[in-house]
Amino acid sequence: MILAAAQTKPTRGNIDANLLDHYQFIELAVQNGAQLIAFPEMSITDYERENALELAFKKDDSRLNHLKKLAIENKIIIIAGAPVQIESQLFIGEFVISPDNSVAVYTKQFLHEGEDEFFQSSFDYNPMITIENKNISFAICADIDNPLHAENACKRETDIYIASIFFTPNGIPNAYRDLQSYAEKHKMNVLMANFSGESWGYPSAGQSAFWNNKGELAGQMNDSDSGLLLVENQNDNWTSKVVKI
């Protein structure tokens, strides 16, 4: 099994440019044999609150068509984030785009302070997928601040917990602490994807990382590069490498 975390530098509000970046990252992940690639929080639009409604995607959005095509052609699962509108409600969400042409939506369950002015939270959209008999579940940013989220993932027999985040340099030490703790306590492998560069007018911390189910840090990127953190499992032994863009 090979998984990829994409550490990207988004352009705020420029969906076309950000999607082109996604295509490039996906191509690189495919070249390296990845079966799944996870992008950071709201990766398609960049992190956004005030303009989220006008940037929002729907589940059947035609702008997802090329991502769906790439998933099918390359047999890769793509986890890409955006503000997601479901009926009249707006969520911080991500699309789980699978090679069978299906698209599932995960919505952020625990909002950060201030996000509730613009978004709803929901436990109703919480898909789980499977690769090589391993159960994979998802988290978005502030979800990881609440231990209940990881506990619930554990109760669902999650083997791999994927966190798509936007954390600044001030927040990243807490993210590392919490994710390491969840990996060790719940015996889950944890893959985290964060932006590098600037997002929403703030610096992003990068440092996308992977912890094995013993809580050992088995791979990480630095705070500034764009690229992929690739992790490979052979006989329950995880190894990693970084490919820069």
Original post:
Hey, does the side chain of D143 reach the backbone of I140 with a donor-acceptor pair shorter than 3.5 angstrom?
Top reply: yes
Subject >> Separation of N174 CG from I172 CD1 (nearest 0.5 Å) >> reply: 9.5 Å
**OP:** Quick one: closest heavy-atom pair of G13 and L55, and the distance?
**Re:** O-CD2, 3.9 Å
**OP:** Taking atom types as modelled, find out whether K241 and N32 have a side-chain donor-acceptor pair closer than 3.5 angstrom.
**Re:** yes
**OP:** Would you check if there is a donor-acceptor pair between the side chains of Y161 and N213 at a distance under 3.5 Å?
**Re:** no
Original post:
In terms of hydrophobic clustering (I, L, V, M, F, W, Y; side-chain heavy atoms under 4.5 Å; direct or indirect links), are L64 and I72 co-clustered?
Top reply: no
**OP:** To the nearest 0.5 angstrom, please state how far the CD atom of E216 sits from the CG atom of N189.
**Re:** 10.5 Å
Original post:
Would you call S224 and S196 a side-chain contact if the rule is heavy atoms closer than 4.5 Å?
Top reply: no
Original post:
Any chance the side chains of D21 and N18 put a donor and an acceptor closer than 3.5 Å?
Top reply: no
Original post:
Do the side-chain N and O atoms of Q85 and Q89 include a donor-acceptor pair separated by under 3.5 angstrom?
Top reply: no
**OP:** Drop me the distance from E157's CD to D159's CG, to the nearest 0.5 angstrom.
**Re:** 8.0 Å
Original post:
Quick check: are there more than 12 heavy atoms from other residues, nucleotides or ligands sitting under 6.0 Å from CG of D116?
Top reply: yes
**OP:** Please answer: with hydrophobic residues joined when any side-chain heavy atoms are less than 4.5 Å apart, are V96 and V84 in the same cluster?
**Re:** no
Original post:
Would you find more than 12 non-hydrogen atoms of other residues, nucleotides or ligands less than 6.0 Å from E113 atom CD?
Top reply: no
Original post:
Taking the side chain from S122 and the backbone from D124, do they hold a donor-acceptor pair closer than 3.5 Å?
Top reply: yes
Original post:
According to a 4.5 Å side-chain heavy-atom criterion applied to Ile, Leu, Val, Met, Phe, Trp and Tyr, with indirect links allowed, do L90 and V105 form part of one hydrophobic cluster?
Top reply: no
**OP:** Could you pull out the closest heavy-atom pair between P173 and P169, with the gap in Å?
**Re:** CD-O, 3.4 Å
Original post:
Under 6.0 Å between the ring centres of F123 and F110?
Top reply: yes
**OP:** Take L228 and M221, measure what side chain to side chain contact (heavy atoms under 4.5 Å, CB included) needs, and give me the verdict at the end.
**Re:** CA-CA 8 Å; L228 296 178; M221 293 187 67; 5.9 Å; no
**OP:** To the nearest 0.5 Å, tell me how far F118 CZ sits from N51 CG.
**Re:** 9.0 Å
Original post:
So among L217, N212, L179, which one has a side-chain contact (heavy atoms from CB on, under 4.5 Å) with V190?
Top reply: L179
Original post:
Can you check whether N194's main-chain N or O pairs, donor with acceptor, with S208's side chain at less than 3.5 Å?
Top reply: yes
**OP:** Starting at OG of S137, measure out to CZ of R156 and round the result to the nearest 0.5 Å.
**Re:** 6.0 Å
Original post:
Do you know the tightest heavy-atom contact between Q220 and Y176?
Top reply: NE2-OH, 3.0 Å
Subject >> Least distance between heavy atoms, I44 atom then A80 atom >> reply: CD1-CB, 4.0 Å
Subject >> W200 and F166 aromatic centres sub-6.0 Å >> reply: no
**OP:** Would you kindly say whether D100 and S102 are connected by a side-chain donor-acceptor distance under 3.5 Å?
**Re:** yes
**OP:** Kindly assign one of parallel, tilted or perpendicular to the pair W238 and F210, based on the angle between their ring planes and the thresholds 30° and 60°.
**Re:** tilted
Original post:
Taking NZ, NE, NH1 and NH2 as the nitrogens, is one of them in R12 or E198 under 4.0 Å from a carboxylate oxygen of the other?
Top reply: no
**OP:** Identify the two heavy atoms, one from A193 and one from A38, that lie closest to each other, and give their separation to 0.1 Å.
**Re:** CB-O, 3.5 Å
**OP:** Begin from the C-alpha positions of K187 and K214 and carry the test side chain to side chain contact (heavy atoms under 4.5 Å, CB included) through to its verdict.
**Re:** CA-CA 6 Å; K187 296 179 173 55; K214 299 176 184 176; over 6 Å; no
Original post:
Does the separation of the ring centres of Y182 and W211 fall below 6.0 angstrom?
Top reply: no
Original post:
When you check the gap from the basic side-chain N to the acidic O, do E73 and K69 get nearer than 4.0 Å?
Top reply: yes
**OP:** Report yes or no: is the cationic atom of R63 (NZ for Lys, CZ for Arg) under 6.0 Å from the centre of the six-membered ring of F57, at an angle within 45° of the ring normal?
**Re:** yes
**OP:** Show your reasoning for whether salt bridge (Lys or Arg N to Asp or Glu O under 4.0 Å) applies to E94 and K108.
**Re:** CA-CA 8 Å; E94 60 190 15; K108 192 172 186 176; over 6 Å; no
**OP:** Taking all non-hydrogen atoms of both residues into account, name the closest pair between A56 and D61 and its distance.
**Re:** O-OD2, 4.3 Å
**OP:** Starting from the C-alpha separation in whole Å, work towards a yes-or-no answer on side chain to side chain contact (heavy atoms under 4.5 Å, CB included) for M192 and I165.
**Re:** CA-CA 7 Å; M192 178 269 279; I165 72 171; 3.5 Å; yes
Original post:
Under 4.5 Å between any side-chain heavy atoms of E117 and R49, yes or no?
Top reply: no
Original post:
Are M128 and T158 close enough, and set up right, to give a side chain to side chain contact (heavy atoms under 4.5 Å, CB included), and what steps lead you there?
Top reply: CA-CA 8 Å; M128 176 175 276; T158 294; 3.3 Å; yes
**OP:** Start with the C-alpha gap between F119 and H112, add the side-chain angles, then the distance that decides, and say whether ring-ring contact (aromatic ring centres under 6.0 Å, His included) holds.
**Re:** CA-CA 10 Å; F119 302 100; H112 192 277; over 10 Å; no
Original post:
Have Q207 and Q7 got a donor and an acceptor in their side chains that come within less than 3.5 Å?
Top reply: no
